[in-house]
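Worksheet: one structure, shown below.
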Amino acid sequence: MIDESRLAKLAAIRAAGVLPYAERYERTHTLIEARDLAAAQAGDQAAAGQPVRVAGRVLTRRAFGKLLFLHLQDGSGRCQVVLDAGVVGEDSVARFQAWVDLGDHIGVEGDTARTKKGEPSIWARDWTFLSKALRPLPEKWKGLSDGEARQRERYLDLVSNPGTRERFRFRTQFVRAMRRYLDDHGFEEVDTPVLQTKVTGALARPFRTQHNAMDMECVLRIAPETWLKQCVAGGFDRVYEVARCFRNEGMSPAHLQDFTMVEWYAAYWNYRDNMDFTEGLILHLIDSLLGTRLVQVGDVRIDFTPPWPRVSMRDLILDACGIDYATLVDADALRAAIAAKAIRLEAEGLDRMSRGNLIDQLYKKVSRPALVNPVFVTDHPIDLSPLARSNDDDPARVDRYQLVANGWELINAYSELVDPLDQRARFEQQVSARGAGDEDTLPLDEDYLRCMEHGMPPMSGWGMGVERFVALLTGQDNLREVTLFPLLKPLDGGPGEPDDTAAPPAPAADGKPTEQAPAEQMSTEHRALLGAPADDLDDAGLSWTAARALFDEWVTTPSLRRQMEHASVVMGAMARARGANEAAWRVLGLLHNLDFDRVKEPERHCLVAAEALRAAGLHPAGIHAIAAHNDKGLSATGIRCLSVLDHAVSAAEAVVGLVHASSQVLPSKDVADLKLKSLVKRFHKAGFAANVERDLIERCAGAGFELEAFLALALEALQAESVS
RNA sequence: GCCCGCUUAGCUCAGUUGGUUAGAGCAACGGAUUCUUAAUCCGUAGGUCCUUGGUUCAAAUCCAAGAGCGGGUACCA
C-alpha cells in the first residue's frame with residue numbers, strides 16, 4: 001500500500017520547487033568514514049570538526065522541535081546526523097519535518113563532531129532531498145523477520161537486518177578471495193555456455209528451453225565440466241569458471257535449482273595433488289575471511305584444522321556398519337549383506353538398484369551424516385563417475401574424492417578421464433543403463449569425445465557448490481539464506497495488494513467501472529492465452545514486418561485484408577491522438593482478425609489467432625485486446641473488454657466497416673468524398689449496414705474518445721491513407 | 001509427489017472454551033520538547049483476521065477445498 005501521507009509530502013516537495021528524486025549527490029566520505037573522524041575527535045562538539053558530505057537512507061529520527069537527531073545508513077554503515085536549528089536555520093528543520101519520512105534518502109553537508117553525550121555525529125550545515133520512499137520501512141528494532149517477506153523483498157531484509165547484509169557481503173568476499181587465490185596460482189578464468197544443446201558434465205535433469213531462431217530445443221547447463229576440460233585441451237593449463245548452473249530437481253534446504261558452482265581444472269595434476277591444493281585454498285579462505293578454523297552451525301561445531309582425514313568410501317562404510325563392499329561383487333550380494341545387517345535404506349526401487357547406487361545409498365545412510373569435520377572421502381565406485389579416471393590398480397573404482405563437512409558434500413573432484421576409448425565405453429555404458437530404465441545418465445557426447453581423441457593432458461579438477469560453502473561458513477542451514485533473490489512463486493494480486501504492474505481496468509463504454517471477469521470463469525488455457533489487459537504497450541513483441549508476414553500468411557480474402565489494413569490505420573491514428581505506442585497499436589489493428597479466413601465460428605474466432613500470436617511473441621495484453629473484440633463470441637472464456645487498448649481494437653475494427661459501407665453508397669464510391677456529417681448520420685441509422693456493430697464502435701469511449709470525435713478521427717485517417 | 005506446520009494493521013506480535021465494536025509496540029497523522037540514540041509524554045487514525053465455501057443464533061477461532069511460505073520425506077546427484 002502506497003502511503004497517502006508520503007504522497008502528500010512528495011507533492012509538497014514538488015510544489016516547493018524541489019526535486020524529490022535528485023540526479024546525483026557529491027559525497028566526500030562514507031558514513032562510517034565520517035563517523036570514525038568524529039569518533040577520533042575530543043568528546044565535545046565545540047572541537048573543530050572535519051567538513052564532510054555524506055548521503056544515505058534515513059533510518060531513525062528523534063525530534064526535539066529545534067534540534068533533530070537522525071541515523072543515516074549507507075553501504076558502509078550508520079552514522080548519526082544532527083540538525084540544529086541554530087546551525088541550519090529553523091526553516092530548514094521545519095522543511096525536514098514536513099518532507100522527510102523514514103526510508104527517504106538525503107544528502108548532508110556538515111562537520112564531524114561528538115554530541116554532549118559523546119555520540120560521533122555529523123552536524124549538518126545543509127541537507128538535500130535525494131529520494132522519496134512511498135512505502136515505510138520494516139519495524140526499526142526487530143527488522144523484517146517473516147521468512148517469505150525476507151525473500152520476496154530482500155532489499156528490506158538488507159536494509160533492516162544487518163546480519164543479512166553481512167552474510168551477502170561475506171558471499172561476495174568469498175568468491176572474490178577464491179578468484180584471487182586461483183588467479184595467484186596460475187589459473188585463468190573463462191566463460192563457457194549456459195545455453196547448450198546437450199546435457200553434459202554431471203548426472204542431473206536439465207531445464208529445457210526453446211531457441212526460436214534456430215528452431216531447436218536447448219538446455220541450461222547442469223555443469224561446465226566438459227567445456228572447461230576442452231579449454232585445458234586447447235592449452236589453458238589451469239582454468240576455472242564461476243558458473244551459474246541449473247538443475248531441474250527436487251528442492252530442499254541443501255538444493256537450489258539455480259546455483260553457483262566454481263569449477264577448476266589443472267593439467268598434469270592427479271586427485272592427490274588436487275587434495276593438497278584444495279586444503280591450502282580452503283584454509284586460506286577460512287583464515288582470511290573468518291580468522292578462525294572453528295565454525296558453528298546450529299549446535300554443531302566444525303573444526304577445519306588440518307590435515308583433513310583422507311578415507312576411502314570402502315573403509316568408511318566398513319567402519320560404520322561392517323560391510324565390505326569390495327568383497328561383494330554384485331548388487332544382489334550387497335543387497336543381501338545390507339538386509340543381513342538389518343539396515344533399512346529408505347530409497348525407492350532398491351530391488352532394481354545397481355551395485356554402485358546401492359553403495360552410494362549405503363554411504364549416505366550410514367556414513368555421511370556422521371562426517372562433521374572436513375573429510376576427503378575417496379575412491380568411489382566407478383558406476384557413478386562416468387567422467388572420472390579409473391584406478392590403475394583397481395578398475396572397479398575411480399580416482400575421486402568428495403570433501404564432506406557437516407554432512408554436506410561441498411566439493412566433488414577427480415583425476416579426469418582423458419582416455420578417449422575408455423570414455424567412449426563409459427558413455428556407452430551410460431546409454432545402455434538409460435535403455436535399462438535409468439533416467440539419469442549421460443548421453444553420448446560426440447563433440448567431447450572428439451576433443452579427447454585429439455589429445456588431452458592428464459589433469460584433475462573439481463566443482464564446489466558456492467552456496468553450500470558460504471552457508472556453512474556463515475552458520476546457515478538453508479541455501480536460500482545465502483541466495484539474494486531465490487525463486488518464489490508469484491503472488492497473484494490479492495486483496496489489498498493489487499498487482500502493481502497491471503493496468504487498472506478502464507471505464508466501460510457506459511462510463512461505469514468494469515471489473516475483471518472472475519478468473520475461475522476462464523479455463524486455464526484461455527487464461528494463459530489471453531493474458532492481462534493493459535492500456536498501452538511498451539513493445540508489441542512483434543515487429544511490423546513480422547506482423548505483416550503473419551498477415552500475408554493467414555489472410556487471403558481481399559475484402560478482409562482491406563478491412564484489417566484499415567483497422568491498422570485507425571489504430572495508428574488513435575495511438576497518435578492518445579500519445580500511445582503507435583507502432584504497437586498498428587500491429588494490433590493489422591492482426592485483429594488474423595484467423596477470420598480460417599475460423600468462422602464466433603465462439604472460436606480469435607482463439608486460434610491467439611495461439612498463433614502467442615507463439616509469434618505478441619505481448620499478452622495485445623492478445624487480450626484482440627480477443628476482447630470478439631468478447632461476445634468468446635463469452636464462455638470469460639474474456640471481457642476492459643482496458644483502453646481493448647476498447648480501441650473493438651472500436652477501430654468496427655468503425656472501418658461503417659466508413660467503408662458509407663463510402664460505397666456515394667456516387668464516386670470514394671472515401672475521399674465522404675463527409676463526417678453523413679458518416680454520423682449513417683451511424684445512427686440502424687438499417688444502414690446493419691451488420692456493422694454500433695456498440696463496438698461506441699467502445700471508443702472506453703479508449704477515451706467521444707463518439708463524433710472518434711468518427712472524425714477514423715474518417716480523416718482513412719482519407720489520408722487513401723490519397724497517399 | 002506425499003505428510004506436517006504457519007498466514008491477524010506497512011512491520012513485529014497478542015487474541016482465553018466459538019460470544020460486545022479484533023488489541024499492543026514501532027511506523028503514520030496532530031501537539032509538547034535544544035543532547036537523543038529502540039528518545040519521552042498527550043492525542044488521532046489505520047483491518048478482506050490469506051481466499052472461497054460450510055457448520056452455528058454467533059467464526060480470527062470449528063470443518064472442507066484452494067493459495068503462498070516453511071519443515072520433513074521421497075525422487076534426483
Side-chain angles (χ1 to χ4, degrees), chain A residues 1-9 44-45 58-71 78-87 90 93 97-98 101-103 113-121 123 133-153 156-157 159-161 201-206 222-223 245 247-255 257 259 261 345-349 356-357 360-361 363-364 380 384-386 402 409 412 438-442 463 465 477-478 480 486 488-492 494-497 518-520:
Chain A
M1 255 296 231
I2 289 184
D3 194 315
E4 291 296 332
S5 81
R6 287 172 184 253
L7 281 174
K9 289 177 191 175
D44 180 355
Q45 89 260 29
V58 182
L59 284 195
T60 64
R61 175 177 48 189
R62 298 167 293 280
F64 286 83
K66 293 174 183 172
L67 182 66
L68 215 141
F69 301 94
L70 41 137
H71 271 123
R78 296 183 186 188
C79 180
Q80 177 167 279
V81 169
V82 183
L83 235 59
D84 185 341
V87 179
E90 291 193 17
V93 172
Q97 292 280 44
D101 284 299
L102 302 189
R114 287 175 183 258
T115 61
K116 281 179 192 166
K117 298 282 170 68
E119 173 81 4
S121 305
W123 288 72
L134 297 182
R135 295 177 192 255
L137 289 174
E139 220 270 351
K140 69 181 172 187
W141 185 238
K142 297 190 172 180
L144 191 64
S145 66
D146 180 77
E148 182 179 349
R150 287 182 45 236
Q151 293 180 50
R152 283 194 195 279
E153 301 184 281
L156 292 180
D157 188 24
V159 166
S160 59
N161 297 332
L203 306 177
R205 266 179 225 179
I222 57 175
C245 298
R247 298 187 178 181
N248 206 345
E249 288 171 356
M251 315 169 61
S252 85
H255 293 85
Q257 279 60 65
F259 66 103
M261 190 149 70
L345 300 182
E346 278 135 33
E348 285 178 7
N357 270 315
D360 190 50
Q361 287 294 336
Y363 158 72
K364 283 178 181 170
H380 295 63
L384 300 169
S385 319
Q402 291 177 333
E409 175 196 323
N412 184 26
D438 186 350
E439 285 197 7
D440 294 285
T441 57
L442 275 181
D477 51 16
N478 190 323
R480 289 168 168 254
L488 293 166
K489 289 194 183 181
L491 298 176
D492 46 8
E497 194 63 37
E520 57 273 18

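In what follows, every heavy atom counts, from backbone to side chain, and hydrogens, waters and symmetry copies are set aside. Naming: A, B, ... by sequence-line order, numbering from 1 per chain.
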Identify which nucleotide among [options] has an atom closest to any side-chain atom of [X], counting heavy atoms from C-beta outward.
| X | options | value |
| --- | --- | --- |
| A/K489 | B/U33, B/U37, B/G68 | B/G68 |
| A/F64 | B/A27, B/C13, B/C35 | B/C35 |
| A/D101 | B/C29, B/A27, B/C11 | B/C29 |
| A/N478 | B/C13, B/G70, B/A27 | B/G70 |
| A/E139 | B/C11, B/G68, B/G71 | B/C11 |
| A/W141 | B/A38, B/A28, B/U37 | B/A38 |
| A/R205 | B/A28, B/C76, B/U37 | B/C76 |
| A/L67 | B/U34, B/G72, B/U12 | B/U34 |
| A/R61 | B/A28, B/U37, B/C69 | B/A28 |
| A/K9 | B/A28, B/C11, B/G70 | B/A28 |

Base, sugar-phosphate, or nothing: which does [X] touch, judged by heavy atoms less than 4.0 Å apart?
| X | value |
| --- | --- |
| A/D146 | sugar-phosphate |
| A/A149 | nothing |
| A/G143 | sugar-phosphate |
| A/L488 | sugar-phosphate |
| A/Q151 | sugar-phosphate |
| A/G65 | base |
| A/R150 | nothing |

Return the value, rounded to whole Å, for the distance between atom [atom1] of [X] and atom [atom2] of [N].
| X | N | atom1 | atom2 | result |
| --- | --- | --- | --- | --- |
| A/D157 | B/U12 | CG | P | 11 Å |
| A/D3 | B/A9 | CG | P | 16 Å |
| A/L7 | B/C29 | CG | C1' | 15 Å |
| A/Q80 | B/C35 | CD | P | 13 Å |
| A/R152 | B/U7 | CZ | C1' | 13 Å |
| A/N161 | B/C11 | CG | C1' | 11 Å |
| A/L156 | B/U12 | CG | P | 10 Å |
| A/K142 | B/C13 | NZ | C1' | 6 Å |

[X] vs [Y] side-chain heavy atoms within contact, under 4.5 Å:
| X | Y | value |
| --- | --- | --- |
| A/E153 | A/R135 | no |
| A/Q97 | A/L68 | yes |
| A/E90 | A/K66 | yes |
| A/F69 | A/T115 | yes |
| A/H380 | A/Q402 | yes |
| A/L59 | A/V159 | yes |

Strand partner of [N], provided both Watson-Crick or wobble distances fall under 3.5 Å:
| N | value |
| --- | --- |
| B/A59 | none |
| B/U7 | B/A67 |
| B/G18 | none |
| B/G1 | B/U73 |
| B/A24 | B/U12 |
| B/U48 | none |
| B/U40 | B/A32 |

Quick check on [N]: is either OP1 or OP2 less than 4.0 Å from any side-chain nitrogen or oxygen of [X]?
| X | N | result |
| --- | --- | --- |
| A/S5 | B/A28 | no |
| A/R480 | B/G70 | yes |
| A/S145 | B/C13 | yes |

Could you verify whether a donor N or O on one side chain and an acceptor N or O on the other, from A/Q80 and A/R114, lie under 3.5 Å apart?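 A/Q80 vs A/R114: no donor-acceptor pair found between side chains.
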Practice item. Might you point out which heavy atoms bring A/A204 and A/R247 nearest each other, and give the distance in Å? Key: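 Taking A/A204 first and A/R247 second, the nearest heavy atoms are CB-CD, 3.7 Å.
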Taking for each residue the nucleotide of RNA chain B bearing the nearest heavy atom, is the 5' side occupied by A/R62 or by A/L144?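 Counting from the 5' end, the first nearest nucleotide belongs to A/L144.
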Check: Which sits closer to the 5' end of RNA chain B, A/R6 or A/H71, going by the nucleotide each is nearest to?
Finding: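 Whichever sits nearer the 5' end wins; that is A/R6.
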Between [N] and [M], how far is it from one [atom1] atom to the other, in whole Å?
| N | M | atom1 | value |
| --- | --- | --- | --- |
| B/G15 | B/U73 | P | 30 Å |
| B/U48 | B/U7 | C1' | 14 Å |
| B/U17 | B/U61 | C1' | 10 Å |
| B/C42 | B/U55 | P | 48 Å |
| B/C76 | B/C4 | P | 24 Å |
| B/C35 | B/C69 | P | 50 Å |
| B/G25 | B/G46 | C1' | 14 Å |
| B/C50 | B/A32 | P | 40 Å |

Next on the checklist: Can you tell me how far apart CG (A/L83) and CZ (A/R61) are? Round to the nearest 0.5 Å.
Outcome noted: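 It is 11.0 Å, given to the nearest 0.5 Å.
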